[in-house]
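Here's the structure we're looking at; comments come further down.
No hydrogens, no waters, no symmetry mates; every other heavy atom, side chains included, goes into these values.
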There are 2 protein chains.
Amino acid sequence: MNTSRNNKLNPNVVGRLSLYRRILQSLAMEGQAKVFSHALAKRAGVTASQVRRDLMTIGYTGSPSSGYDVVALGEATNLELDAPTRQPVMLLGVGNLGRAVLEYFHQAHARLEMVAAVDVDPEKVGRVISGVATYSAADLPDLIKEKGIDVAILTLPASRAQEATDLIVGAGVHSLLNFTNVRLRVPDGVFVENMDIGIALAKVAYYGRREEGRRGE
Amino acid sequence: MNTSRNNKLNPNVVGRLSLYRRILQSLAMEGQAKVFSHALAKRAGVTASQVRRDLMTIGYTGSPSSGYDVVALGEATNLELDAPTRQPVMLLGVGNLGRAVLEYFHQAHARLEMVAAVDVDPEKVGRVISGVATYSAADLPDLIKEKGIDVAILTLPASRAQEATDLIVGAGVHSLLNFTNVRLRVPDGVFVENMDIGIALAKVAYYGRREEGRRGE
DNA sequence: GTAACGACGTTACGTGATTCACAACAGTAT
DNA sequence: ATACTGTTGTGAATCACGTAACGTCGTTAC
């Protein structure tokens, strides 16, 4: 809904660009200086057309003779995907999954910075987990406003997900990574990315079934 | 091709059916006996048309006067999604994320049964974590064949993901839930569902950016 | 009894995303 | 020089998917 350069790209494209960037970093480490759309596509599990089309949407241009410059293209995707400044992020719910996500941030590459974890458990509040200070849920609105937080990650129990969402969205958060199995109701203009493990399990279960008596496609 | 009900549905439909089922269970607990497509759609975050169409694809039929029977529809989705028998699942990599997934299985509803966790760390092998025995990576092919495992969950370091995949796919696994940031190369007929946290983060970061000077709305 | 309403099942349509296909062009070999 | 190869960028075509629309029918109101 918001107009600025913010929402130029749709989520699928953003996702693939992020994937390309990761592959490009990997290629750079391997010493590759140039890459063709076919090679990038193969590593990303998409078609070469798709790669070229995606790069077209961000206006990056290669050379028919040598393909794309690994470093330059990587920087182009950074420019497109990353905020010009660091983006503070908060985590809600420091359970198993929450800790796993915090751990993930150690290898953080993007401009995201985990600035606060929040939990209702008084045991956890005040402690520093994976390098992140844990606060009480009561402090949420103040935290968000003080630190200018726009992005939150929800790894809390499903039963509290909607109320927590209402609270933080009211305080200014407008982009959520939702690990709970609840479909959050949010006002227009708030972005929600669902990472629903239950649904993912249902899918692998479904396609894992084999017809009787067959083993190996 | 083969008649078996295996691949009748596409992944999106499977995902939504799983979501509907979850909502239906919740409705049943609230004592709701009937539900209209609109209500179900609202909870699922989709349109009513979408719900009706999805139910059409599984051949379930409601009544224009009273809508869908909560319990009967729940059972219909179970019938469609669940295997007739228990499905053994294995987990590869017992790190933070792996433990979070194991934890998740405690509230298991589907026919999935976590029968083994595998890790290279000798410290973990032999221990029981969240009710699941941990085995050595060396035992993988035997484990898979003994227990008839078709489904695996990958929560191991990215650097080992492809080799582990080759190994287990060779041993008969043909449906993978991949939490690593690697795009796995698998033969035709093997289903892979990617849960890429890095990409999800890139998306929320992207849409979390705000144009300068605006705060709220 | 009849009309009006509302929801379902299904078909038809629209939209957006992906793939195709090809002109243009750099490099290479002959 | 010229022909050939292989890749890019992009308009056109295709495809998949979700949405809208509509006929049907039970229920309710009057």
Notebook entry, point to check: If you look at every strand shown and take non-hydrogen atoms under 4.0 Å, does B:S65 touch a base, only sugar-phosphate, or nothing?
Noted result: sugar-phosphate
Checklist line | Protein-nucleotide distance (B:R16, atom CZ; D:dT19, atom C1'), rounded to Å | finding: 12 Å
Notebook entry, point to check: Counting heavy atoms not belonging to A:K42, are there more than 12 under 6.0 Å from its NZ?
Noted result: no
Next item on the list: For A:R52 and D:dT8, give me the distance from atom CZ to atom P, rounded to whole Å.
Entry: 6 Å
Check: Who pairs with A:F191 by ring-ring contact (aromatic ring centres under 6.0 Å, His included), at least two apart in sequence or on another chain?
Finding: B:Y207
Margin query: Regarding A:E30 and A:R43, does a basic nitrogen lie under 4.0 Å from an acidic carboxylate oxygen?
Written below: yes
Check: If you look at every heavy atom in B:E193 and A:A200, which pair is closest and at what distance?
Finding: CG-CB, 4.1 Å
Notebook entry, point to check: Has the side chain of B:R111 got a donor or acceptor atom that lies under 3.5 Å from a matching backbone atom of B:D82?
Noted result: no
Item checked: Smallest separation among heavy atoms of A:A137 and A:V118, with atom names -> CA-CG1, 3.5 Å
Checklist line | Residue pair A:Y20, A:L73: steps toward the side-chain contact (heavy atoms from CB on, under 4.5 Å) verdict | finding: CA-CA 9 Å; A:Y20 301 156; A:L73 178 51; over 6 Å; no
Can you name the atoms? Protein N/O to nucleotides 12-16 of chain D N/O, anything below 3.5 Å, with the distance.
| from | atom 1 | to | atom 2 | distance (Å) |
| --- | --- | --- | --- | --- |
| D:dA12 | N6 | A:R53 | NH2 | 3.2 |

Next item on the list: For DNA chain C, find the residues of residues 33-44 of chain B with a heavy-atom distance under 4.0 Å and give them by number; none if there aren't any.
Entry: B:F36, B:S37
Checklist line | Rounded distance in Å - CG (A:L55) to P (D:dT8) | finding: 9 Å
Item checked: Partner set under ring-ring contact (aromatic ring centres under 6.0 Å, His included) for B:F36, not counting sequence neighbours -> none
Notebook entry, point to check: Without hydrogens or angle criteria, can the side chains of A:S63 and A:S65 be said to hold a donor-acceptor pair below 3.5 Å?
Noted result: yes
Check: At their closest point, which heavy atom of A:G98 faces which heavy atom of A:L91, and how far apart are they?
Finding: O-CD2, 3.7 Å
Next item on the list: Compare every heavy atom of A:L24 with every heavy atom of A:V70, then report the nearest pair and how far apart it is.
Entry: CG1-O, 3.5 Å
Item checked: Members of residues 66-73 of chain B that approach DNA chain C, where some heavy atom sits under 4.0 Å away -> B:G67, B:Y68
Item checked: Nearest heavy-atom neighbours spanning B:V204 and A:S175 -> O-OG, 2.8 Å
Margin query: Using a 4.0 Å cut-off to any heavy atom of chain B, which nucleotides of DNA chain C are the first and last in contact, reading 5' to 3'?
Written below: C:dA7 to C:dA12
Note to self: Please determine whether a side-chain nitrogen or oxygen atom of B:Q50 lies at a distance below 4.0 Å from atom OP1 or OP2 of D:dC17.
What the structure shows: no
Check: Using a cut-off of 4.0 Å on non-hydrogen atoms, how would the nucleic acid contact of B:T47 be classed: base, sugar-phosphate, or nothing?
Finding: sugar-phosphate
Checklist line | Earlier contact from the 5' end, DNA chain D, for A:P64 and A:M56 | finding: A:P64
Next item on the list: Could you tell me whether the side chains of B:N181 and B:D196 share a donor-acceptor contact shorter than 3.5 Å?
Entry: no
